Amino acid sequence: MRIIQLILLLFMVGCIGCKRQLYLPLNKSAISKKTGEQFYIDALRMQWKQRDSFAVKEILAGNVPTFLLKLIPINVSAIDSATGKVNRATYYVMPDYLSVGNSNNWARIPLTPIAAQLIADSLKCFLPTRKMVNDIYENAVVKLTPMPMYIHRDSTITMWQHHLIIEGQRKQQKGLIAGIKKDVVISDLITRSSKTNRVAIYGWHMLNGQPIQPLYTGHINWYVDYSHGIRLVARKIKVNGKWMEYAKVMEHPILKKLLTDESVGDVIRY
């Protein structure tokens, strides 16, 4: 009995310092064989709505490069101005933007917020806020100079070309990457814009840390162009050592400051 107790004690001590690793809950058992290049070849004949649906089908079928599944922890803190207490949280994000294909032939796929929310819901994730995009950029180990394109911005071929440009810049560097896309984000402005059915975008940081794209809701929610990217965040967030749903964090008058720098923070999805 004493030997068993000793083994259990050693196991518990060994696990005290263990960090939990989160993965995107994607079913890879029935994976499509379509590569990123083939996705774009097939999508050339499609309008935006067909392309959106095509991407959703491929992603939810498991046709995503394996390296995207291992989520990256982002540690943040915020001071409660009333008490001086420092609240801390860890949330988990995809290392790159949503893509289709395998680890040898894949491509980033810009999506409307409509498609992005459907995928996020299916994978128990949510879309980041402006603050989170800034925090992710700060934590990125691969920071690349934004590469704007000016012709046929919303065309499928431009989306494919932009992915190839980024890959030329990346030169197979690995790890959390940022500065390559404008993020589709959740924002107070979505429900406070003078026009309805908007998409909120933000980011595309330059190497000096300044974003090219300020928080913006000028586009209708079905608009998407080559510069947009979808980065998913796991719904479960560790706050002060305890796991919480992101919606509960966003609803909390103090803890929401861990995730948003906007005044209300009441928009948590599209």
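If you're wondering where the values come from, they're calculated on a predicted model, not measured in any experiment.
Looking only at distances, no side-chain donor or acceptor of Gln169 sits under 3.5 Å from a matching main-chain atom of Leu164. Side-chain atoms of Asp261 never come within 3.5 Å of backbone atoms of Arg130 as a donor-acceptor pair (strictly under, hydrogens ignored). Checking side-chain atoms of Asn102 against main-chain N and O of Asn104 turns up a donor-acceptor pair under 3.5 Å. Under the 3.5 Å distance criterion, the side-chain polar atoms of Ser77 are left unmatched by any main-chain donor or acceptor of Val86. A side-chain donor-acceptor contact under 3.5 Å links Lys256 to the backbone of Val264. With hydrogens and angles disregarded, a donor-acceptor distance shorter than 3.5 Å links the side chain of Lys131 to the backbone of Leu258.
Annotation: side chain of Tyr91 is in contact with side chain of Asp135 (closest heavy-atom distance under 4.5 Å). Contact check for Tyr202 versus Asp183: no side-chain heavy atoms found under the 4.5 Å cut-off. Residues Pro128 and Val93 form no side-chain contact, since every pair of their non-hydrogen atoms from C-beta on lies 4.5 Å or further apart. In this structure the side chain of Leu189 never reaches within 4.5 angstrom of the side chain of Arg198, judged on heavy atoms. Inter-residue side-chain proximity for Tyr92 and Pro73 is flagged as met; some heavy-atom pair is nearer than 4.5 Å. In this structure the side chain of Ile165 reaches within 4.5 angstrom of the side chain of Met149, judged on heavy atoms. Leu26 places a side-chain heavy atom less than 4.5 Å from the side chain of Leu69. Counting heavy atoms from C-beta on, the side chains of Thr90 and Asn75 come closer than 4.5 Å.
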Q: For the pair Arg269 and Asp121, evaluate side-chain contact (heavy atoms from CB on, under 4.5 Å) and give the outcome as yes or no after the intermediate values.
A: CA-CA 9 Å; Arg269 69 191 316 280; Asp121 289 345; 2.3 Å; yes
Q: Check the pair Thr112, Val199 against side-chain contact (heavy atoms from CB on, under 4.5 Å), reporting the backbone distance first and the verdict last.
A: CA-CA 8 Å; Thr112 67; Val199 56; over 6 Å; no
(Q) Does Leu98 form a side-chain contact (heavy atoms from CB on, under 4.5 Å) with Arg108? I'd like the steps, not just the answer. (A) CA-CA 6 Å; Leu98 263 179; Arg108 300 173 183 90; over 6 Å; no
Q: For side-chain contact (heavy atoms from CB on, under 4.5 Å), just list the numbers for Met206 and Ile212, CA-CA rounded to whole Å, side-chain angles, deciding distance to a tenth of an Å, and then say yes or no.
A: CA-CA 7 Å; Met206 296 179 287; Ile212 289 177; 3.7 Å; yes
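Nearest heavy-atom pair across Ala234 and Phe126 is O-CE2, 3.3 Å. Closest non-hydrogen pair, Ala200 versus Leu215, comes out as CB-CD1, 4.5 Å. Met46 and Phe54 get closest at one heavy-atom pair: CE-CD2, 3.4 Å. In this structure, His152 and Ser155 approach most closely via the heavy-atom pair O-OG, 2.9 Å. The nearest pair of heavy atoms linking Ala107 to Tyr40 is CB-CE1, 3.5 Å.
The hydrophobic cluster containing Tyr137, built from Ile/Leu/Val/Met/Phe/Trp/Tyr side-chain heavy atoms closer than 4.5 Å, also comprises Leu207.
Leu123 and Met132 fall within the same hydrophobic cluster, where Ile, Leu, Val, Met, Phe, Trp and Tyr residues are linked whenever their side-chain heavy atoms come under 4.5 Å apart, directly or through other members. When the side chains of ILVMFWY residues are joined at heavy-atom separations under 4.5 Å, either directly or via intervening members, Phe67 and Ile109 end up in a single hydrophobic cluster. Leu118 and Ile186 fall within a single hydrophobic cluster, where Ile, Leu, Val, Met, Phe, Trp and Tyr are joined by side-chain heavy atoms under 4.5 Å apart, directly or via other members. Ile114 and Tyr97 end up in different hydrophobic clusters when Ile, Leu, Val, Met, Phe, Trp and Tyr side chains are linked at under 4.5 Å. Under the 4.5 Å side-chain heavy-atom criterion for Ile, Leu, Val, Met, Phe, Trp and Tyr, Trp48 and Ile230 are members of distinct hydrophobic clusters.
With rounding to the nearest 0.5 angstrom, the CG atom of Leu232 is 6.5 Å from the CG atom of Leu127. Rounding to the nearest 0.5 Å places CD1 of Ile72 at 10.5 Å from CG of Leu22. A distance of 8.0 Å separates CE in Met94 from CG in Leu71, rounded to the nearest 0.5 Å. The distance from atom CD of Glu37 to atom CH2 of Trp106, rounded to the nearest 0.5 Å, is 13.5 Å. The CG atom of Asp266 sits 9.5 Å away from the OG1 atom of Thr260 when rounded to the nearest 0.5 Å. Going from atom OG1 of Thr156 over to atom CD1 of Ile41 covers 12.5 Å, rounded to the nearest 0.5 Å.
Classification of the His163-Trp160 ring pair by plane angle, with boundaries at 30° and 60°, yields parallel.
The list of ring-ring contact (aromatic ring centres under 6.0 Å, His included) pairs with a residue in residues 251-270, not counting sequence neighbours, is empty. The salt bridge (Lys or Arg N to Asp or Glu O under 4.0 Å) contacts involving residues 50-79 comprise nothing, where partners must be two or more places apart or lie in separate chains. Note on residues 212-223: pairs passing side chain to side chain donor-acceptor pair (under 3.5 Å), not counting sequence neighbours, are Lys182-Gln213, Tyr223-Asp225.
Using modelled atom types, one finds no donor on one side chain facing an acceptor on the other under 3.5 Å when comparing Asn134 with Glu138.
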Donor-acceptor pairs under 3.5 Å, side chain of residues 237-248 to any protein atom, not counting sequence neighbours: which ones?
{"from": "Asn240", "atom 1": "OD1", "to": "Arg88", "atom 2": "N", "distance (Å)": "2.9"}
{"from": "Asn240", "atom 1": "ND2", "to": "Asn87", "atom 2": "OD1", "distance (Å)": "2.9"}
{"from": "Tyr246", "atom 1": "OH", "to": "Ile268", "atom 2": "O", "distance (Å)": "2.8"}

May I have the list of side-chain donor-acceptor pairs in residues 172-181 shorter than 3.5 Å, sequence neighbours left out?
{"from": "Gln173", "atom 1": "NE2", "to": "Arg170", "atom 2": "O", "distance (Å)": "3.0"}
{"from": "Lys181", "atom 1": "NZ", "to": "His162", "atom 2": "ND1", "distance (Å)": "3.2"}
{"from": "Lys181", "atom 1": "NZ", "to": "Tyr226", "atom 2": "O", "distance (Å)": "2.5"}

